[in-house]
Amino acid sequence: MMLIPAHHFRDIERKPQYLQPEKCIPPPHPRPAGAMWFIRDGCGIACAIVTWFLVLYAEFVVLFVMLIPSRDYVYSVINGLVFNLLAFLALASHCRAMLTDPGAVPKGNATKEFIESLQLKPGQVVYKCPKCCSIKPDRAHHCSVCKRCIRKMDHHCPWVNNCVGENNQKYFVLFTMYIALISLHALIMVGFHFLHCFEEDWTNLLRAYGLTREETAEARMSLHEIKQPLKVSSTECSSFSPPTTVILLILLCFEGLLFLIFTSVMFGTQVHSICTDETGIESLQRKKQQRRERRGSWKSVKETFGGDFSLNWFNPFSGPRHPKPLSDRDWVRQVSSVSDTENTETTTEEPSEEPKDEDFAEVVDE
C-alpha cells in the first residue's frame with residue numbers, strides 16, 4: 001500500500017487489518033429488505049421510555065384532573081379530542097422515527113471486489129469508513145451509537161433512540177411539532193383550570209372547611225346549621241384533593257414548558273436544516289467542506305416530506321418517499337486534489353495513470 005508522504009505520522013492507525021479493502025468481509029447474514037430497524041442502546045431505550053411516560057402522564061392529568069370532572073361537556077369533548085389526536089400523532093411519529101432505517105449504508109461493502117467493480121477513472125475516489133468497513137457515499141457520516149454510516153445524517157437523538165437521517169427526518173420533524181403543540185395546549189388548559197378553580201370551587205372549599213365555630217356564631221348560624229356540612233359549588237375542580245390537584249398541575253406545567261421550549265427549538269432547527277439543504281453535521285464542518293451545489297428550499301422540503309404539499313405531509317404513516325437503492329455512481333466522488341480530502345478518517349482509493357499493482361491504494365484523511 002502506498003501512502004501520501006504528508007500523512008506518514010498516521011501510519012500506525014492504518015496498520016490494523018480492517019483498514020485494508022481485501023480484509024473487509026460482508027456480514028454473513030445481511031438485513032432483509034423491509035426488516036424493522038431498532039438500535040439496542042441502553043441510554044436511547046431509557047430515553048424513549050421516559051418520552052412515552054411523560055406523554056402518558058400529561059394524558060392522565062389532562063383527562064382525569066381537568067376534563068372529566070368538568071361540567072362543561074362541550075369544553076371537555078372538544079379539548080379531549082384535540083389533545084388525544086395530537087398525542088396519538090406525536091407517539092406515532094416517535095415510533096416511526098425510532099423504527100425506520102435512517103439511511104444506513106450497507107455494512108462491510110468496502111471489499112476489494114466491489115471497489116474493482118466500480119471501475120474508477122482518474123480523479124474519482126471512494127471513501128471507506130474504517131469503523132464499519134463500508135464505502136461512504138457523499139454526505140454520509142458514521143454514527144458511533146448506531147455503528148453504521150448514515151446518509152445525510154443530521155444527528156443522533158437519544159429521545160428517539162435513532163439517528164435522524166435521509167429516510168426518517170420527516171418523522172422526527174413531525175414528532176417535535178406535535179409534542180410542541182400538545183405542550184402548548186396543555187399549558188393553556190392548565191391556565192384556564194387554575195383561573196376557574198381559584199375563582200369558584202377552591203374558594204368555596206377553603207371557606208367551607210376553614211370556618212371556625214366562633215365565626216359561625218358571629219354569622220348567627222343555628223346549631224342545626226352548624227352540624228350540617230357546608231355545601232360547596234356544584235362544579236368540581238378535580239376528583240382529587242386540592243393539594244394533590246395543585247401538585248399534579250404544577251408538574252404538568254413544568255413538563256409542558258420544558259418540552260415546549262426544547263421541541264420548538266428542535267423543530268425550528270430541523271426546518272432550517274431542510275430549507276438550507278444542510279445537515280447539522282455539515283453546518284459544523286462547513287469550513288472544512290468542499291463547496292457543493294445545493295438544492296432549492298422548496299425542492300428540499302418536498303423531497304423530505306414526500307412530494308407536493310398535501311395532508312400527507314402531516315401524516316406519520318405516510319413515508320417521505322420510497323428510498324432508491326444506491327447505484328454505482330453514488331459510491332464514487334470526484335476530487336480535484338489531495339488537499340480536498342485532508343482532515344478525514346476514511347480511506348480513499350484512486351487509480352493512477354501509472355501502472356500499479358492491484359492492491360495499490362492512496363490513503364488520505366477526509
- Task: Grab the two heavy atoms, one from A97 and one from N168, that are nearest each other, plus how far apart they are.
- Result: O-ND2, 3.1 Å
- Message: To check you understand the geometry: which heavy-atom pair defines the closest contact between G108 and S134, and what is its length?
- Response: N-CB, 4.1 Å
- Message: Using a 6.0 Å cut-off, check whether atom CZ of F317 has over 12 heavy atoms from anything other than its own residue.
- Response: yes
- Query: So, do H155 and F172 have ring centers that fall under 6.0 Å from each other?
  - Reply: yes
- Heavy atoms from other residues, nucleotides or ligands near CZ of F240 exceed 12 (cutoff 6.0 Å): yes
- Query: Heavy atoms, side chains only, cut-off 4.5 Å: are S273 and Q169 in contact?
  - Reply: yes
- Considering non-hydrogen atoms only, spot the tightest contact between I179 and A90 and give its length. CD1-CB, 3.8 Å
- Is it possible for you to say whether F60 and L86 belong to one hydrophobic cluster, with membership spreading through side-chain heavy-atom contacts below 4.5 Å? yes
- Task: Taking the side chain as every heavy atom from C-beta outward, state whether L248 and F64 have any atom pair closer than 4.5 Å.
- Result: no
- Task: Given side-chain contact (heavy atoms from CB on, under 4.5 Å), test M189 with V65 step by step and report yes or no.
- Result: CA-CA 11 Å; M189 285 192 292; V65 176; over 6 Å; no
- Message: If you define the side chain from C-beta out and look only at heavy atoms, does anything of K302 sit under 4.5 Å from D308?
- Response: yes
- Query: Do L67 and Y57 share a hydrophobic cluster (ILVMFWY, side-chain heavy atoms under 4.5 Å, transitive)?
  - Reply: yes
- Is any side-chain heavy atom of V105 closer than 4.5 Å to a side-chain heavy atom of R148? no
- Message: With heavy-atom distances below 4.5 Å as the criterion, would you say the side chains of D277 and R139 are in contact?
- Response: yes
- Query: Aromatic rings F314 and F309: how do their planes relate, parallel, tilted or perpendicular, breaks at 30° and 60°?
  - Reply: perpendicular
- Under a single-linkage definition using a 4.5 Å side-chain heavy-atom cutoff for Ile, Leu, Val, Met, Phe, Trp and Tyr, are V265 and L257 assigned to the same hydrophobic cluster? no
- Message: Looking at E166 and K152, is any side-chain nitrogen of the basic one under 4.0 Å from a carboxylate oxygen of the acidic one?
- Response: no
- Message: Tell me whether S117 contacts the main-chain N or O of F114 through its side chain, where contact means a donor paired with an acceptor under 3.5 Å.
- Response: yes
- Task: Kindly indicate, with the supporting measurements, whether the criterion side-chain contact (heavy atoms from CB on, under 4.5 Å) is fulfilled by S76 and I68.
- Result: CA-CA 7 Å; S76 298; I68 292 180; over 6 Å; no
- Query: Does L174 reach the side chain of L89, with side-chain heavy atoms less than 4.5 Å apart?
  - Reply: no
- Message: So which atom in S264 and which in A180 form the shortest heavy-atom distance, rounded to 0.1 Å?
- Response: OG-CB, 3.8 Å
- Task: Search all heavy atoms of A186 against all heavy atoms of F83 and return the closest pair with its distance.
- Result: CB-CE1, 4.1 Å
- Transitive ILVMFWY side-chain link L56 to M98, under 4.5 Å: no
- Task: Identify the two heavy atoms, one from H142 and one from C129, that lie closest to each other, and give their separation to 0.1 Å.
- Result: ND1-SG, 3.5 Å
- Item | Side chains of C275 and V301 in contact at under 4.5 Å (non-hydrogen atoms) | yes
